[in-house]
Asks: 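Please read through the structure below; I'll follow up with questions.
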2 protein chains.
Amino acid sequence: MTLATVAPIERRPLHAAAIDRLRDLILQGSLAPGDRLNERVLTERLGISRTPLREAFKLLAAEGLVELLPHRGAIVAPLNAGRLRETLAVLGALETLIGELVCAHATDDAIGEIRALHFEMRAAHARRDLSGYFHLNQAIHLRLAEAAGNAVLAQTYRQLNANVRRVRYMANLSPQRWDAAVREHDAILDCLTARDGVRLKALLSEHLAHKTASVLAALDAPREAA
Amino acid sequence: MTLATVAPIERRPLHAAAIDRLRDLILQGSLAPGDRLNERVLTERLGISRTPLREAFKLLAAEGLVELLPHRGAIVAPLNAGRLRETLAVLGALETLIGELVCAHATDDAIGEIRALHFEMRAAHARRDLSGYFHLNQAIHLRLAEAAGNAVLAQTYRQLNANVRRVRYMANLSPQRWDAAVREHDAILDCLTARDGVRLKALLSEHLAHKTASVLAALDAPREAA
DNA sequence: ACGGGAGGTTTTGCATGCAGAATACAAAAA
DNA sequence: TTTTTGTATTCTGCATGCAAAACCTCCCGT
């Protein structure tokens, strides 16, 4: 090689795993919106000390998952309908761009991977495996964002999506809505295959509108454990 | 009010001012892209100790202003043309949404304030006060984002814009481009006054395209101190 | 019984100390 | 001269200790 300087082994800070675990606890709802994040309790639970934990708080606060109350600690960022609606509106704007870019720039490999995930998702749907479905659904949307070939776009999308994701885990999906969502994904995949950017934009926009309704409904009717 | 819980006095963490100063140092280019952020040096310069400084690094990393290299410290996030182009594309998508929303939802007061800033900016232009012009220009675009009435949108816009802002401070503007930009702002204000969302979207998009060209040019021809 | 306040407890914010990783430098070998 | 290797120094990552702020409880006065 000529002047490759950056080592391929990406060394992560030692406690990055603990931070990821904390993020997951929030995303999955194990730590509910509004819950206080007591430093002492979390240090014991995560097996790290207060300094890296507090650094994690700052990180997650910037991601919008945690709210810092000066001198009163940190809480899991509350989810209110207004803020969620705003987030979804921004996601809509981003998806419009994604729709354009992904048809223009996505590699065939990337589309192939999305197709694979799509069929895995249909499998989860067929098994009525809601959890698996949500995960694959998320994965597809994230891959779409990545396949657009704009890293900033993908990261912004991922970050905003995180807060929506939290609601998803709280909610069930009506069978009708579930079936409809899968059909919408079928259409999205078709568009992607045909690289029809204009139509894809419209489909994504429609899909998001339905998702918005579904998410806001889930927020009103909280928590019915499966 | 009925059940407002949040105290109006916003207590900020004690060293928030120092963090803001660090952010400004980066935004204004006093700390250039790629510069190493040595903890010891910065603790002395900012008058805080390592713990809050490291927390600040994490915050600024999430904002995209700083890059963390595990076991090798932090550097000011490099500005490369590719990433900048990506950021500007996302900003474009956001501005499209802003254009829609601001015409539909902005209060007359908010528009009045933007108009005032606009004339201040024209004053700066008349005086060939480039620094004042940049500041007011930024202020106008931020106010537009805020006037759209979507806090998530405004924050996302502000964050992405920060990295573009850094280039702005590095660059001069050709007299022609400067005059043209002012004319574009005139048209934008007219549209806003008439609340013509469709045309505003188009104008903002065009304005951003010009800005993109200007920013990327500035990045190629670095630093000519005034 | 109820509101207000004093004291003690908990918790946050910050500074600092220590161990390990990375870097810089220099000397030696090719 | 160029490359390599050993060593010393610097710097990061983390744990912990201390002071101040917030919180909670209980007591007192009305």
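What you see is a predicted model; the values in this text were computed from it and never measured. Numbers restart at 1 for each chain; the letters A, B, ... are given by sequence-line order, proteins then strands.
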Asks: Please enumerate all residues that pass salt bridge (Lys or Arg N to Asp or Glu O under 4.0 Å) together with B/Arg177, with sequence neighbours excluded.
Replies: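 By the salt bridge (Lys or Arg N to Asp or Glu O under 4.0 Å) rule, B/Arg177 matches B/Glu184.
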Asks: Closer than 4.0 angstrom, basic N to acidic O: yes or no for B/Arg23 and B/Asp20?
Replies: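 Yes, this pair counts.
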Asks: By ring-ring contact (aromatic ring centres under 6.0 Å, His included), which residues pair with A/His207, not counting sequence neighbours?
Replies: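 Once residues adjacent in sequence are excluded, the partners of A/His207 under the ring-ring contact (aromatic ring centres under 6.0 Å, His included) criterion are A/His141, A/His185.
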Asks: Send over the distance from A/Glu39 CD to C/dT9 P, rounded to a whole Å.
Replies: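 Rounded to the whole Å, the gap is 21 Å.
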Asks: Over all heavy atoms of both residues, which pair between B/Arg168 and B/Phe134 is shortest? Give the atoms and the distance, please.
Replies: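 It is O-CE1, 3.3 Å.
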Asks: Output the rounded distance in Å from CD (B/Glu55) to P (C/dG13).
Replies: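 Roughly 8 Å, once rounded to whole Å.
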Asks: Check each residue of residues 46-54 of chain B for a non-hydrogen atom within less than 4.0 Å of any atom in DNA chain D, then write out the ones that pass by number, or none.
Replies: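 Only B/Arg50, B/Arg54 qualify.
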Asks: Which whole-number value in Å describes the distance from B/Phe57 CZ to D/dC14 P?
Replies: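 The distance from CZ of B/Phe57 to P of D/dC14 comes to 15 Å, rounded to the nearest Å.
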Asks: List for me each residue that meets salt bridge (Lys or Arg N to Asp or Glu O under 4.0 Å) alongside A/Arg40, sequence neighbours excluded, and say none if there are none.
Replies: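 If we apply the salt bridge (Lys or Arg N to Asp or Glu O under 4.0 Å) test to A/Arg40, skipping adjacent residues, the hits are A/Glu44.
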Asks: Would you mind reading off the distance between B/Leu68 atom CG and D/dT12 atom C1', rounded to a whole angstrom?
Replies: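 Whole-Å distance recorded here is 11 Å.
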Asks: Determine all donor-acceptor pairs shorter than 3.5 Å in which one atom belongs to a side chain in residues 113-121 of chain A; sequence neighbours excluded.
Replies:
from, atom 1, to, atom 2, distance (Å)
A/Arg115, NH2, A/Thr193, OG1, 2.7
A/His118, NE2, A/Asp186, OD1, 2.7

Asks: Should B/Arg40 be listed as having a side-chain N or O under 4.0 Å from OP1 or OP2 of D/dC11?
Replies: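 The answer is yes; a side-chain N or O of B/Arg40 sits under 4.0 Å from OP1 or OP2.
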Asks: Taking only side-chain N and O atoms of B/Asn38, does any of them lie within less than 4.0 angstrom of OP1 or OP2 on D/dC11?
Replies: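 True: B/Asn38 side-chain N/O within range (under 4.0 Å) of D/dC11 OP1/OP2.
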Asks: Using a cut-off of 4.0 Å on non-hydrogen atoms, how would the nucleic acid contact of B/Leu37 be classed: base, sugar-phosphate, or nothing?
Replies: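 If one applies the 4.0 Å heavy-atom cut-off, B/Leu37 turns out to touch the sugar-phosphate alone, with no base involved.
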Asks: What is the distance, rounded to the nearest whole Å, between atom CD1 of A/Ile75 and atom P of D/dC23?
Replies: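 After rounding, the reported distance stands at 12 Å.
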Asks: In whole Å, I'd like the distance from the CG atom of A/Leu69 to the C1' atom of D/dA22.
Replies: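 For the pair A/Leu69 CG and D/dA22 C1', the rounded distance is 12 Å.
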Asks: State which residues pass salt bridge (Lys or Arg N to Asp or Glu O under 4.0 Å) with B/Arg166; sequence neighbours excluded, sorted by chain then number.
Replies: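 For B/Arg166, no residue satisfies salt bridge (Lys or Arg N to Asp or Glu O under 4.0 Å) once neighbours in sequence are set aside.
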Asks: Return no unless some side-chain N or O of B/Arg72 is found under 4.0 Å from OP1 or OP2 of C/dA21.
Replies: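 No, B/Arg72 has no side-chain N/O under 4.0 Å of OP1/OP2 on C/dA21.
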Asks: Residues in salt bridge (Lys or Arg N to Asp or Glu O under 4.0 Å) with B/Glu55, at least two apart?
Replies: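 Only A/Arg54, A/Lys58 meet the salt bridge (Lys or Arg N to Asp or Glu O under 4.0 Å) criterion with B/Glu55.
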Asks: Sequence neighbours excluded and cut-off under 3.5 Å, please list the side-chain donor-acceptor pairs for residues 95-104 of chain B, or say none.
Replies:
from, atom 1, to, atom 2, distance (Å)
B/Glu95, OE2, B/Tyr157, OH, 2.9
B/Thr96, OG1, B/Gly92, O, 3.0
B/Glu100, OE2, B/Lys201, NZ, 3.0

Asks: Starting from C1' on D/dC24, measure out to CZ on A/Arg36 and report it in whole angstrom.
Replies: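 Result: 12 Å.
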Asks: Using five pairs at each end of the helix from C/dA1-D/dT30 to C/dA30-D/dT1 to define an axis, what is the angle between those two axes, to 10°?
Replies: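 Taking five pairs per end, the axes differ by 10°.
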